[in-house]
Amino acid sequence: MKSAIAQFLNDALAGLPELADAIGDLDIGSTVERTRDASHGDFASNIAMRLAKPARRSPRDLAAAIVEQLPDTDQIDKVEIAGPGFINFSLSPAAFHAEIVTMLDLADEYGRHAPRSAPRILLEFVSANPTGPLHVGHGRHAAYGATVGNLLEAVGYPVHREYYVNDAGRQMDILGVSVWLRWLERGGTQLAFPTAGYRGEYIGDIAAAINTDDIDVVDQETLMEGVPADAPDGDKEAHIEALIGRAKTLLGDDGFDRLRQQAIDSIRDDIEEDLAEFGVTFDRWFSEQSLTKSSRIDDTLAVLDERGMLYKKDGATWFRAMDFGDEKDRVVIRENGAKTYFASDIAYHFDKRERGFDHLIDILGADHHGYVTRVKAGLDAMGYKAEDLKVELVQFVALYRGGKKVKMSTRSGEFDTLRQLRADVGNDAARFFYVSRSNDQHLDFDLDVAKSQSNDNPVYYIQYAHARIASVFRQLAEKNYAWDEANGRASLSLLTEAQEKALMTALSRYPEVVDLAAGNLAPQHLVHYLRDLANDFHTYYNAHVFIVGDDSLRDARLALCAATRHVIANGLIILGVSAPESM
RNA sequence: GCGCCCGUAGCUCAGUUGGAUAGAGCGCACGGUUCCUAACCUUGAGGUCGCAGGUUCGAAUCCUGCCGGGCGCGCCA
């Protein structure tokens, strides 16, 4: 409907060629918005005020000239000039009725755009290190990323969802050695578990499940040979580093690799299953190892070197990040010859672009914000534009239990898992709650409230509206009525109650809300809209009986209910929340 | 110290890219079901939009400076 208003304005401006310069490249659609107050009509445009200065005419004068040129249409009842120069449009009932018919016609497709082939979007999210189960913070990334993906698809973009698996590097060695030590413990070896190791219970579970045919038991003395003391007496990092060395010596490099890989695979599979149960799936799980093992990183560094963007200093190789706006240059190859995480990340983002994705979106934790500039710099240096990459930062989830903040640490194993949360509050409530706040806002997740009062969650309020409509149609059959849809469509002019008008107005906003939420990568717009829509429906439900004796009025009201059901279901599907037939 | 994010009702948060009288939920107060699901609805109280300037027809929104909170500033990932 909004685009129709914009079109009318465009038509009117076509009749005022003297304004062409003043208009310039102004997007007329951006001047049209829903009114907040019904006394201002349904839509308002501030175009006269926007053009006033460049056209050197008074806003009200301009508005009058534009209104004069508006085409004659049965969609608009009334146009008024108000306040400093707003043009207020009151749509005709027929315009709303036509929109309801569109909802019924398009059904599942209402609010969606036709698929387009470009730009291709690569959406990377979660990408949690495979060092343990996902915790409640990752859950927010999963829900947010999945919903953003759904929104982008709804507006027609091809979206490729990717999870970057950090399955290379020192963290993985620590994981491997943690599992090995737990396995040795199970075999009876006495040992003090390293403070820098992963202490979570799941490590023991993995140790119990892995194939250890080619691993020999070692006693404590052999194990600890040459290993410096752990904290607090010694350095915990040096301690675990030495243990990794012992593992590689005692198991052989290949043996340790196999053990480590089993641990990684086990955790990765667990994460994949967890997310799938949460309704979050990926098109590809991109392994960092695949970059390390292929020549991808070396190739990338070679290109950078060729372009003169690398230099050596203090035995290390540095990338001239400062040339691209970073605050300092960054190491890509350490003095010990090891490539940094940053080096593989340049290669990874370069690879994304090389695979033909036009627009990259990374959803990262807020603690990664210092990282954004240098990754963009890397992309820039590799010949692409920094703007090709958009980074959305997701702020932390603070967990509260008994009114107290819960501390979380993966290494200590003290954290609440996404699985526990899903079991406690349910997938629907979790998906909904996670995206109900702006991603750049801290999220306080009170477990006690979520667990004990889960029925107060607004998600049920919206689902209830959907279930109520389904119930109305069930009741209809029980009362031996049938919905004559054609008659309902033809009788929409009978819907004259205030609540009916309000509901139709709310329904017609849906496509605009999807556009807004997708354009801003901001699912909370949809969440709040659905809450408001459900409120409009519940109000209508309480004010009027739908299943009345008058055939045409009943059919018309049922048509409005059916349209409402489509819109609520479409919105919930985007949020990854179920739309139940009964509750 | 530097950088990024945040500051809106008692609490938790929205606020349509600068619009008209700043909104919702919870909580609080008052009402509403012999009738399609009361997991519901109606009405009300509750605000110095952190503070101070600036930009303009118009600012919660943009700019500057303070104050307060979070996060980051490694040859870790």
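Quick caveat, the model's predicted, so the values are computed rather than measured. All heavy atoms count here, side chains included; hydrogens, waters and symmetry mates do not.
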**Q** Any base atoms under 4.0 Å from K313(A), or only sugar-phosphate, or nothing? Heavy atoms, all strands.
**A** base
**Q** Rounded to whole angstrom, note down the C1' distance from U34(B) over to C30(B).
**A**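 Each nucleotide's C1' atom is 24 Å from the other's.
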**Q** Name the pairing partner of C36(B), where a pair is Watson-Crick or G-U wobble with both distances under 3.5 Å, or state none.
**A**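 Looking at the geometry, C36(B) pairs with no nucleotide.
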**Q** Within the structure shown, what part of the strands sits under 4.0 Å from D173(A) by heavy-atom distance: base, sugar-phosphate, or nothing?
**A** nothing
**Q** Rounding to an integer number of angstrom, what distance separates A45(B) and C26(B) when you compare their C1' atoms?
**A**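 Between the two C1' atoms, the distance is 16 Å.
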**Q** Report yes if a side-chain nitrogen or oxygen of K2(A) is closer than 4.0 Å to either non-bridging phosphate oxygen (OP1 or OP2) of U16(B); otherwise report no.
**A**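 No, outside the criterion.
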**Q** Write down the distance between CG (L364(A)) and C1' (C4(B)), rounded to a whole number of angstrom.
**A** 13 Å
**Q** Give a yes or no on whether a donor-acceptor pair under 3.5 Å exists between the nucleobase atoms of G72(B), that is its base, and the side chain of H368(A).
**A**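 In this structure, the two groups form no donor-acceptor pair.
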**Q** In the structure I gave you, are the side-chain heavy atoms of E241(A) and R170(A) within less than 4.5 Å of one another anywhere?
**A**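 Of all side-chain heavy-atom pairs linking R170(A) with E241(A), at least one is under 4.5 Å.
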**Q** Quick one: is H369(A) getting a side-chain N or O under 4.0 Å of the G3(B) phosphate, OP1 or OP2?
**A**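 Checking G3(B) against H369(A), no side-chain N or O comes under 4.0 Å of OP1 or OP2.
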**Q** Can you tell me, in whole Å, how much space there is between the C1' of G18(B) and that of C76(B)?
**A**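 Roughly 44 Å separates the two C1' atoms.
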**Q** Which base, if any, makes a Watson-Crick or G-U wobble pair with C51(B), both distances under 3.5 Å?
**A**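 WC or wobble partner is G65(B).
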**Q** Suppose you measure atom P in G46(B) against the same atom in A24(B); what distance do you get, rounded to whole Å?
**A** 14 Å
**Q** What orientation do W285(A) and Y163(A) show, parallel under 30°, tilted 30 to 60°, or perpendicular over 60°?
**A** parallel
**Q** Please name the nucleotide paired to G23(B) by Watson-Crick or G-U wobble geometry with both distances under 3.5 Å, or report none.
**A** C13(B)
**Q** Please classify the nucleic acid contact of R531(A) as base, sugar-phosphate, or nothing, using heavy-atom distances under 4.0 Å.
**A** sugar-phosphate
**Q** Rounded off to whole Å, could you give me the CZ-to-P distance for the R437(A) and G25(B) pair?
**A**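 So the CZ-P distance, R437(A) to G25(B), works out to 14 Å.
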**Q** Name the closest nucleotide to the I547(A) side chain, picking from C36(B), C73(B), G15(B).
**A**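 Between C36(B), C73(B), G15(B), the one nearest the side chain of I547(A) would be C36(B).
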**Q** What's S471(A) touching, base or sugar-phosphate or nothing? Going by heavy atoms closer than 4.0 Å.
**A** base
**Q** Any side-chain to backbone donor/acceptor pair from N88(A) onto G41(A)? Under 3.5 Å, distance only.
**A** no
**Q** What does E478(A) touch in the nucleic acid at a heavy-atom separation under 4.0 angstrom: a base, only the sugar-phosphate, or nothing?
**A**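 Touches nothing.
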**Q** Does C41(B) have its OP1 or OP2 closer than 4.0 Å to a side-chain nitrogen or oxygen of N535(A)?
**A** yes
**Q** Measure the distance between the ring centre of H40(A) and the centre of the six-membered base ring of A20(B), then answer whether it is under 5.5 Å with planes under 30°.
**A**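 H40(A) ring centre within cut-off of A20(B) base, planes near parallel; stacks.
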**Q** Grab the two heavy atoms, one from R557(A) and one from F546(A), that are nearest each other, plus how far apart they are.
**A** CD-CA, 4.2 Å
**Q** What nucleic acid atoms does H538(A) come within less than 4.0 Å of, heavy atoms only: base, sugar-phosphate, or nothing?
**A** sugar-phosphate
**Q** Search all heavy atoms of L503(A) against all heavy atoms of T564(A) and return the closest pair with its distance.
**A**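 Minimum heavy-atom contact is CD2-OG1, 3.7 Å.
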**Q** Pick base, sugar-phosphate or nothing for A338(A), based on heavy-atom distances below 4.0 Å to the nucleic acid.
**A** nothing
**Q** Partner lookup for G44(B), please. Criteria are Watson-Crick or G-U wobble with both distances under 3.5 angstrom; report none if nothing qualifies.
**A** C28(B)
**Q** For I333(A) and G74(B), give me the distance from atom CD1 to atom C1', rounded to whole Å.
**A** 17 Å
**Q** Please give the distance between the C1' atoms of U12(B) and C73(B) as a whole number of Å.
**A** 32 Å
**Q** Check whether the side chain of N88(A) and the base of A20(B) form a donor-acceptor pair under 3.5 Å.
**A** yes
**Q** Counting only side-chain heavy atoms from C-beta out, which of A14(B), C71(B), C41(B) sits nearest to Y461(A)?
**A** C41(B)
**Q** Identify the nucleotide, in any strand shown, that forms a Watson-Crick or G-U wobble pair with C71(B), with both distances under 3.5 Å; if there is none, say none.
**A** G3(B)
**Q** For a quick check of understanding: with a heavy-atom distance under 4.0 Å over all strands, which category does S582(A) fall into, base, sugar-phosphate or nothing?
**A**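 Contact class for S582(A): base.
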**Q** Could you tell me whether the phosphate oxygens of A38(B), OP1 or OP2, come under 4.0 Å of any side-chain nitrogen or oxygen in R468(A)?
**A**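 Result: yes.
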**Q** For nucleotides G7(B) and A52(B), find the distance between their C1' atoms and express it as a whole number of Å.
**A** 16 Å
**Q** Using whole Å, what does the distance between atom C1' of nucleotide C36(B) and atom CG of D555(A) come to?
**A**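 Whole-Å distance recorded here is 15 Å.
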**Q** Using a 4.0 Å heavy-atom cut-off, does Q441(A) contact any base of the nucleic acid, only the sugar-phosphate backbone, or nothing at all?
**A**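 Sugar-phosphate contact only.
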**Q** Using whole Å, report how far CE of M49(A) lies from P of C57(B).
**A** 12 Å
**Q** So, is Q475(A) close to the C35(B) phosphate, meaning a side-chain N or O under 4.0 Å from OP1 or OP2?
**A**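 No, outside the criterion.
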**Q** Which of the following nucleotides, C75(B), A39(B), U12(B), is nearest to the side chain of D444(A)?
**A**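 Among C75(B), A39(B), U12(B), the one nearest the side chain of D444(A) is U12(B).
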**Q** Look at all strands and tell whether F342(A) reaches a base, only sugar-phosphate, or nothing, counting heavy atoms closer than 4.0 Å.
**A** nothing
**Q** Of the options A22(B), C5(B), C73(B), whose atoms approach the side-chain atoms of D440(A) most closely?
**A**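 Per side-chain heavy atoms of D440(A), the pick is C5(B).
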**Q** Check the side chains of Q524(A) and Q441(A) for a donor-acceptor pair under 3.5 angstrom, ignoring hydrogens and angles.
**A**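 No.
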**Q** In whole angstrom, give the distance that lies between atom CZ of F86(A) and atom C1' of U16(B).
**A**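 That distance rounds to 14 Å.
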**Q** May I ask you to check whether Y198(A) and Q171(A) show a side-chain donor-acceptor distance below 3.5 Å?
**A**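 Present: a donor and an acceptor within the cut-off.
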**Q** What nucleic acid atoms does H466(A) come within less than 4.0 Å of, heavy atoms only: base, sugar-phosphate, or nothing?
**A**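 Nothing: the residue H466(A), judged by heavy atoms under 4.0 Å, touches no strand.
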**Q** Categorize N46(A) for me: base, sugar-phosphate, or nothing, with a 4.0 angstrom heavy-atom threshold over every strand shown.
**A**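 Base contact.
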**Q** Please state whether the phosphate of A77(B), meaning OP1 or OP2, lies under 4.0 angstrom from any side-chain nitrogen or oxygen of R334(A).
**A**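 Checking A77(B) against R334(A), a side-chain N or O does come within under 4.0 Å of OP1 or OP2.
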**Q** What distance, rounded to whole Å, do you find between the two P atoms, one in U43(B) and one in U61(B)?
**A** 31 Å
**Q** How long is the straight-line distance from OH of Y348(A) back to CD of E124(A), given to the nearest 0.5 Å?
**A**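 Output value for this atom pair is 4.0 Å.
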**Q** Within the structure shown, what part of the strands sits under 4.0 Å from A366(A) by heavy-atom distance: base, sugar-phosphate, or nothing?
**A** sugar-phosphate
**Q** Across the strands shown, which category fits N166(A) at heavy-atom distances under 4.0 angstrom: base, sugar-phosphate, nothing?
**A**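 Since no nucleic acid heavy atom lies under 4.0 Å of N166(A), the category is nothing.
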**Q** Between G10(B) and G27(B), how far apart are the C1' atoms? Round to whole Å, please.
**A**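 Pairwise C1' distance, G27(B) against G10(B), rounds to 8 Å.
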**Q** When you compare the side chains of H368(A) and D362(A), does any donor N or O come within less than 3.5 Å of an acceptor on the partner?
**A** no
**Q** Report the distance from atom OH of Y481(A) to atom C1' of C36(B), rounded to the nearest whole Å.
**A** 12 Å
**Q** Atom CG of D362(A) and atom C1' of A77(B): how far apart are they, to the nearest Å?
**A**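 My rounded result for the distance is 15 Å.
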**Q** Between H544(A) and Y540(A) (side chain of the first, backbone of the second, donor and acceptor by atom type, cut-off under 3.5 Å), is there such a pair?
**A** no
**Q** Is the phosphate of U42(B), meaning OP1 or OP2, less than 4.0 Å from a side-chain N or O of T539(A)?
**A** yes
